[in-house]
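Each remark here refers to the structure printed beneath this line.
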Amino acid sequence: MPADLHVHTTASDGTESPERVVRLAHALGLDAVGITDHDTVCGVAPAQEAARSLDLEVVPGIEINTDYQGREIHILGYYIDPGDAAFRARIRELAGARARRVERIVDRLRSLGLAVTMDDVLRVIGGASPGRPHVAATLVRLGIVGDRQEAFDRLIGRGCPGYVPREKFSPVEAISLIRRAGGVPVLAHPATAEADHLIPELVQAGLAGLEVYHPEHGAAQVVHYREVAAKFRLLATGGSDFHGYAIHAHLGEVVVPTEVVAALKLQART
Ligand code: AMP
Ligand code: ZN
Ligand code: FE
Ligand code: FE
């Protein structure tokens with residue numbers, strides 16, 4: 001029975017609430033769903049609450065965005081102790097950094113002559129973990145671009161005039177943080193991270209798993225990363241990276257057997 005271990009909600013840049021993700025996952029017949037919002041765990045408790053009366057397990061998670069030599073590397077963390085003080089302090093800092101970055105992006109867009117304000121963006125963000133997708137959605141709403149992709153391609157993608165780099169946080173630091181908080185660190189979509197050469201260093205830092213199954217991975221990449229996972233004795237995880245029905249893959253489109261959930265639990269410090 002399947003588990004989709006990579007799902008975003010309105011707690012970050014997903015379009016569906018944690019409650020709705022749980023209902024959709026249940027309707028699809030999933031056994032488990034991993035809530036992995038960008039730099040926040042705020043979607044986890046509402047999802048768990050919504051799943052209480054259902055035969056669906058919510059796997060608590062996070063996706064931490066990090067940088068390495070100009071590349072974006074995403075580290076998933078499962079079963080982190082939500083009460084861990086160091087972890088809480090660090091994600092609060094990350095939230096502040098995200099908000100400051102969005103403000104700087106808006107400043108840049110305004111200096112390019114575009115009629116967008118921070119208030120416009122804040123209305124789209126609501127209470128979520130702020131990010132560039134919220135800026136993109138705002139630009140669409142204001143009619144400044146035709147769609148979200150155009151916003152990234154012309155204005156806020158890497159190398160574009162409205163691009164502002166994020167504050168530096170290294171993958172090794174994220175892995176150590178997750179481990180110290182009792183969680184299980186997994187390298188997300190390694191093919192898009194183009195980070196194969198980094199894997200030994202990440203394993204040394206405590207990496208426990210590799211996201212072998214992901215919508216961006218073709219068959220050859222799945223075979224390759226299964227071999228890499230076996231070589232370094234890493235758990236092979238996977239998920240849809242669902243953000244909403246208009247964006248990328250659908251919920252449950254990429255799944256792994258529920259045994260992977262049990263294996264993650266074994267790796268977590270309980
Ligand atoms: P942020 O965390 O604010 O840097 O936003 C990262 C998110 O923006 C990613 O998870 C993607 O959903 C989206 N994104 C980043 N780059 C692009 C791009 N070039 N085209 C479309 N979406 C993108
Ligand atoms: Zn996202
Ligand atoms: Fe990611
Ligand atoms: Fe993701």
Side-chain angles (χ1 to χ4, degrees), residues 4-16 21 33-41 43-44 59 61-68 70-78 91 94-106 108-109 121-122 124-125 128-140 145-169 171 174 185-195 209-217 237-251 253-254:
D4 183 338
L5 294 176
H6 190 154
V7 175
H8 295 270
T9 75
T10 47
S12 63
D13 56 355
T15 61
E16 308 302 323
V21 162
V33 64
I35 303 295
T36 55
D37 279 301
H38 298 288
D39 298 338
T40 179
V41 294
V44 170
V59 176
I62 190 168
E63 181 173 29
I64 300 182
N65 294 39
T66 74
D67 294 86
Y68 190 86
R71 284 236 168 78
E72 200 160 293
I73 311 277
H74 293 178
I75 305 292
L76 296 159
Y78 296 104
I91 59 172
L94 292 176
R98 278 184 166 273
R100 284 193 298 279
R101 181 182 185 218
V102 166
E103 280 170 15
R104 289 182 58 208
I105 291 171
V106 170
R108 287 217 173 192
L109 295 173
V121 182
L122 284 172
V124 170
I125 291 170
S129 171
R132 282 181 295 161
H134 297 113
V135 178
T138 307
L139 295 171
V140 173
V145 293
D147 61 22
R148 162 193 163 99
Q149 194 56 49
E150 187 190 342
F152 277 98
D153 292 346
R154 281 208 303 122
L155 294 168
I156 60 171
R158 203 179 278 264
C160 295
Y163 180 76
V164 175
R166 70 172 67 247
E167 284 175 29
K168 297 280 175 262
F169 187 40
V186 172
L187 176 60
H189 41 75
T192 66
E194 298 177 64
L210 203 59
E211 191 177 47
V212 171
Y213 305 96
H214 185 276
E216 299 283 324
H217 289 184
T237 75
S240 66
D241 211 348
F242 179 68
H243 279 76
Y245 284 101
I247 311 162
H248 311 308
H250 284 189
L251 186 65
E253 195 168 309
V254 175

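Both ligands and their constituent atoms are indexed starting at 1 by order of listing.
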The closest protein heavy-atom partner of atom 11 (C) of ligand 1 is Arg148 NH2, 4.1 Å
How about Arg98 and Val102: do any of their side-chain heavy atoms sit closer than 4.5 Å? no
Strictly by modelled atom types, are Asp39 and Ser129 linked by a side-chain donor-acceptor pair under 3.5 Å? no
Counting each atom of ligand 1 from 1 as listed, which ones have a heavy atom of Arg132 under 4.0 Å away? 1 (P), 3 (O), 4 (O), 5 (O), 6 (C), 15 (C)
For atom 9 (C) of ligand 1, what's the nearest protein heavy atom and its distance? Asp13 OD2, 4.5 Å
Mind checking whether Arg98 has a heavy atom under 4.0 Å from ligand 1? yes
Ranked by distance from atom 5 (O) of ligand 1, the top protein heavy atom is Pro133 CD, 3.4 Å
So, is Asp153 polar-close to ligand 1, with some N/O to N/O distance under 3.5 Å? no
Between the side chain of Tyr78 and the main-chain N/O of Gly34, is any donor-acceptor distance below 3.5 Å? no
How far is atom 15 (C) of ligand 1 from its nearest protein heavy atom, and which residue and atom is that? Phe152 CE2, 3.4 Å
Quick check: of its N, O or S atoms, which one does Asp241 have closest to the Fe ion (ligand 4)? OD1
Between the main-chain N or O of Val212 and the side-chain N or O of His217, is there a donor-acceptor pair closer than 3.5 Å? yes
Distance-only donor-acceptor check, side chains His8 and Asp241, under 3.5 Å: yes
Please tell me if the side chains of Leu251 and Tyr245 come closer than 4.5 Å, counting only heavy atoms from C-beta onward. yes
So the atoms of ligand 1 within less than 4.0 Å of a heavy atom of Asn65 turn out to be 2 (O)
Counting heavy atoms only, which part of Arg158 comes closer than 4.0 Å to ligand 1: side chain, backbone, both or neither? neither
Check the orientation of His189 and His74. Use parallel for under 30°, tilted for 30 to 60°, and perpendicular for over 60°. perpendicular
Please answer whether the main-chain N or O of Val164 pairs with a side-chain N or O of Arg101 as donor and acceptor at a distance below 3.5 Å. yes
Can you tell me the N, O or S atom of Glu63 that's nearest the Fe ion (ligand 4)? OE1
Between ligand 1 and His134, can you find any atom pair, the residue atom being a heavy atom, that is separated by under 4.0 Å? no
Atom 2 (O) of ligand 1 [closest protein heavy-atom partner, distance rounded to 0.1 Å]: Arg166 NH2, 3.0 Å
Examine His189 and say whether one of its N/O/S atoms is closer to the Fe ion (ligand 4) than 2.8 Å. no
With atoms numbered from 1 as shown, which atoms in ligand 1 lie under 4.0 angstrom from a non-hydrogen atom of Gln149? 20 (N), 21 (C)
Exam field: side chain Thr9 to backbone Glu16, donor-acceptor pair closer than 3.5 Å: no
So, His74 and the Fe ion (ligand 4): N/O/S under 2.8 Å, yes or no? no
At the Fe ion (ligand 4), NE2 of His8 and NE2 of His6 open up to roughly (10° bins) 100°
Distance under 4.0 Å to a non-hydrogen atom of His38: what atoms of ligand 1 satisfy this? 10 (O)
Can you find a protein heavy atom under 4.0 Å from atom 21 (C) of ligand 1? yes
What I'd like to find out is whether the side chain of Leu109 reaches to under 4.5 Å of the side chain of Leu139, using heavy atoms alone. yes
Would you say Arg132's side chain and Ile156's backbone share a donor-acceptor pair under 3.5 angstrom? yes
